[in-house]
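Working notes, beginning with the structure itself.
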Amino acid sequence: MPDIRVRIAPSPTGPLHIGTARTALFNALYARRHGGTFVLRLEDTDVARNTLAFEQDILDGLHWLGITWDEGPDSAGGGDRGPYAPYRQLQRLERHAAAAADLLARDLAYPCYCTPEEMEADRKAQEADRQPPRYVGRCATLTAADRAAREAEGRRGAVRFRVQPGIVGFDDAVRGRVEFDTSNLGGDFVIVRADGTPLYHFAVVVDDAAMEISHVIRGEDHISNTPKHILLFRALGHAEPVFAHLPLILNADRTKMSKRKTQTAVSDYIAQGFIREALVNYLALLGWSTGTEEEILSFDELAARFDLDHVQKGGAIFDRERLEWINGQWIRRLDDEDLVTRLEPFLEAEHVAGRIDRTPTAEEIRTVLPMIRERLPTLGAVGDLIGFLWIDELAVDPALIVPKRWDAATTAAGLIAAREAIAAVGAVSFESEEIEPPLRELAERRGWKAGDLFMALRVAATGRTATPPLFDTLVALGRERTLARLDAAIAAVGRLAEGGTP
RNA sequence: GCCCCCAUCGUCUAGAGGCCUAGGACGCCACCCUUUCAAGGUGGAGAUCACCGGUUCGAAUCCGGUUGGGGGUACCA
């Protein structure tokens, strides 16, 4: 059996797309599982839409996901590595041109001088006739003299590949036998533009052949292109690879995932605090399953189980809620040092955005880890969760401090008594085990429900009704700041009691 | 229009003729735990396996058709 060589061939015409990332992942998993080689090739022939920034984003995103390739560009703009270099289509133009020349020489392809206007007229006529659009073959039978005449006029022809009648079929690794009648391919198709640059269908085949790609694992949207590719492989005298078409990732309305309806840029998910382990885990399970009930799996665990047989045929809706759940699962599995490191940029961002007054130190983050780890669906949720720790002047809505079952006067009294109890706890022994008992006693003595007292304290100290455990939170805040916030709350609720309560 | 692909709880899926009165997970709802929020635990609702025919002693699983959905139909990738 020949070596297994797979590839991902993104085009830098946009930021790394979730769908591209999943295709890359499936290829990487397949290569890893079978000891094959994973190649990254940049399809940068669409010069008008390519940018170096997008190239950077794609490479960075793939790296971030932990997807590594054995051959291909290492960095944006350069760094090709591997025996089949270059791995950028733009640098392979001579090879495409040579292949086209070869096809031309063997009359498997021919120059086409049709103008856009002619093409448009053809299309309209076909539409009016209710015929499927196809190239009419105007230039298919031009003689050498005809061509010479046009060239003499300075006209440059595009290159069209001759499509012969017949059936083209292939055994898709996920779908089984698929066959197409070549008469439905739309006639002879263009493989090289008039400006000499190759079209995707042509470049991809020339390069896959040259790079000895053995398995083409790609999205289902390429299924109808496959017969063209096969015809090209055959014309080039190269054995065709095994094709495996992955189900599409869908919007909630079951249409192909698109930017308009779903977030599609991997960088967006990174920015929101999804972690690589979760994204990889989730994406792997979108359209594939282990066949067992395992679901929280690392890249290595996925690779050990990956196979094309369990790839789903139907499209899969991208379910962000499930992604969040998996993300939470992975956040809980991270060790302290790791989590702190990953949290830092998000806290930094909170600071930059002005939502907190300073960026906490790694040590500060570490101490607070036990109380936030199980409450983070994403890293980005950290600011909302405990940002109040690093705000100097906390603005608290006095009305919010008053528990549902209490009035303002009771709340003021409760806060005053609680402040006293908390103040009695020394600075050195300001631990939750020291703070909790006296407050429970206080509630007991006054006939208050502990929960109500605690809620008043919680809101007074944090400004929110949902927080990590109260006493740990107060400890994290520190004795002085806790007392200061209580004083401010007592004053505010006191005013509320005088003003609004009978 | 034409070609191709697909079809199991709302969602991701298990299921390769009898183990299925269809399993798991997310989400949802209860309850337990509990100072709030999470996490965790327990339980529940939720799928006439799109529909109709066939094959078979027996079909979610095989075959045909229908319907529905999706993708492709460029000198885009």
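Residue numbers start from 1 in every chain, and the chains themselves are labelled A, B, ... in the order their sequence lines are given, proteins ahead of strands.
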How does protein contact run along [range], one letter per nucleotide 5' to 3', with B for base contact, S for sugar-phosphate only, - for none, heavy atoms under 4.0 Å?
{"range": "nucleotides 60-66 of chain B", "answer": "-------"}
{"range": "nucleotides 30-43 of chain B", "answer": "-----BBBBSS---"}
{"range": "nucleotides 6-17 of chain B", "answer": "S----SSSSS--"}

Looking only at the side chains, is there a donor atom on one of A:Asp207 and A:His96 sitting less than 3.5 Å from an acceptor on the other?
yes

Salt bridge (Lys or Arg N to Asp or Glu O under 4.0 Å) partners for [X], two or more places apart:
{"X": "A:Arg88", "answer": "A:Glu55, A:Asp80"}
{"X": "A:Arg193", "answer": "none"}
{"X": "A:Glu433", "answer": "none"}
{"X": "A:Arg320", "answer": "A:Glu324"}

Only counting residues at least two apart or in another chain, list the ones meeting ring-ring contact (aromatic ring centres under 6.0 Å, His included) with A:Phe430.
none

Extract from the structure each pairing of a protein N or O with an N or O of nucleotides 18-21 of chain B at less than 3.5 Å, listing the distance.
none

Just to be sure I understand the geometry, which residues of residues 177-187 of chain A put a non-hydrogen atom under 4.0 Å away from RNA chain B?
A:Val178, A:Glu179, A:Phe180, A:Asn184

Check the angle between the aromatic planes of A:His201 and A:His229 and answer parallel, tilted or perpendicular using the 30° and 60° thresholds.
tilted

Parallel, tilted or perpendicular: rings of A:Phe306 and A:Trp288 (30°, 60°)
tilted

Please list, one pair per line, the donor and acceptor atoms closer than 3.5 Å that link side chains of residues 241-249 of chain A to other protein atoms, with sequence neighbours excluded.
| unit_1 | atom_1 | unit_2 | atom_2 | d |
| --- | --- | --- | --- | --- |
| A:His245 | ND1 | A:Asp172 | OD2 | 2.6 |
| A:His245 | NE2 | A:Arg218 | NH1 | 3.3 |
| A:His245 | NE2 | A:Thr226 | OG1 | 3.2 |

Is the shortest side-chain N to carboxylate O distance from A:Glu295 to A:Arg322 below 4.0 Å?
yes

Whether A:Lys124 and A:Glu127 form a salt bridge (side-chain N of Lys/Arg under 4.0 Å from carboxylate O of Asp/Glu) is what I want to check.
no

Roughly how many Å is it from CD in A:Gln126 to P in B:U73, rounded to a whole number?
16 Å

N/O-N/O pairs, protein side and nucleotides 74-77 of chain B side, under 3.5 Å:
| unit_1 | atom_1 | unit_2 | atom_2 | d |
| --- | --- | --- | --- | --- |
| B:C75 | O2 | A:Ala194 | N | 3.0 |
| B:C75 | N4 | A:Cys114 | O | 2.9 |
| B:C76 | OP2 | A:Arg193 | NE | 2.4 |
| B:C76 | OP2 | A:Arg193 | NH2 | 2.9 |
| B:C76 | O3' | A:Arg193 | NH2 | 3.1 |
| B:C76 | O2' | A:Asp46 | OD2 | 2.7 |
| B:C76 | O2' | A:Arg49 | NH2 | 3.1 |
| B:A77 | OP1 | A:Thr45 | OG1 | 3.2 |
| B:A77 | OP1 | A:Arg193 | NH2 | 2.7 |
| B:A77 | OP2 | A:Tyr200 | N | 2.9 |
| B:A77 | O2' | A:Ser11 | OG | 2.7 |
| B:A77 | N6 | A:His201 | NE2 | 3.4 |
| B:A77 | N6 | A:Asn225 | ND2 | 3.2 |

